[in-house]
Amino acid sequence: MKASLLTRIWIFYRDGFREMTTGRTLWALILIKLFIMFFILKLFFFPSFLGGKSTEEKQQYVGEELIDRANP
């Protein structure tokens, strides 16, 4: 009996990653880089302006920012 399409795709990728040597190191570097970009840099360069505010305060803040940026 023929395996389902998803099963064949899973087996294809599982065997491919299992046979990798250099690729495994490159994937590790990619994952580390993504972690640094999305988690570490966010903590230092992208502060949460809306944290701790109520829904109405958030709406007011966003509205004011949009108006200020639309009228330079």
Side-chain angles (χ1 to χ4, degrees):
M1 182 172 176
K2 208 174 187 185
S4 72
L5 179 62
L6 290 176
T7 305
R8 288 186 287 148
I9 291 172
W10 169 254
I11 292 170
F12 174 77
Y13 280 104
R14 183 195 65 196
D15 293 343
F17 281 112
R18 192 176 286 160
E19 297 296 322
M20 271 200 269
T21 55
T22 307
R24 205 173 277 187
T25 305
L26 294 175
W27 274 108
L29 289 174
I30 289 168
L31 293 175
I32 291 169
K33 185 176 180 179
L34 287 173
F35 175 78
I36 290 170
M37 284 178 13
F38 288 109
F39 294 103
I40 305 298
L41 292 178
K42 183 186 181 308
L43 293 174
F44 296 109
F45 295 109
F46 303 109
S48 177
F49 293 108
L50 302 177
K53 294 187 180 188
S54 68
T55 304
E56 292 80 19
E57 291 171 331
K58 290 177 183 178
Q59 291 172 350
Q60 182 69 27
Y61 178 80
V62 171
E64 289 173 1
E65 286 295 315
L66 289 172
I67 291 170
D68 290 344
R69 292 179 186 194
N71 298 321

> Can you list the residues that meet the ring-ring contact (aromatic ring centres under 6.0 Å, His included) rule with Phe35, with sequence neighbours excluded?
Replying inline: Phe39

>> Let me check something: do Phe46 and Phe38 share a hydrophobic cluster, defined by ILVMFWY side-chain heavy atoms less than 4.5 Å apart, either directly or through other members?
In response: yes

>> Other residues, nucleotides and ligands only: do more than 12 of their heavy atoms fall within 6.0 Å of NZ on Lys42?
In response: no

>> Quick check for you: to the nearest 0.5 Å, what is the distance between Leu6 atom CG and Ile11 atom CD1?
In response: 11.0 Å

>> Check for me, please, whether Leu50 and Leu66 land in the same ILVMFWY cluster - side-chain distances under 4.5 Å, paths through other members count.
In response: yes

>> Applying side chain to side chain donor-acceptor pair (under 3.5 Å), can you list everything that pairs with Ser48, at least two apart in sequence or on another chain?
In response: none

> Quick one: do the Glu64 and Gln60 side chains pair a donor with an acceptor below 3.5 Å?
Replying inline: yes

Under 3.5 Å donor-acceptor pairs involving side-chain atoms of residues 14-33, not counting sequence neighbours:
residue: Arg24; atom: NH2; partner: Phe17; partner atom: O; Å: 2.9
residue: Arg24; atom: NH2; partner: Arg18; partner atom: O; Å: 3.1

> Stepwise, does the side-chain contact (heavy atoms from CB on, under 4.5 Å) test hold for Tyr61 with Glu65?
Replying inline: CA-CA 6 Å; Tyr61 178 80; Glu65 286 295 315; 3.8 Å; yes

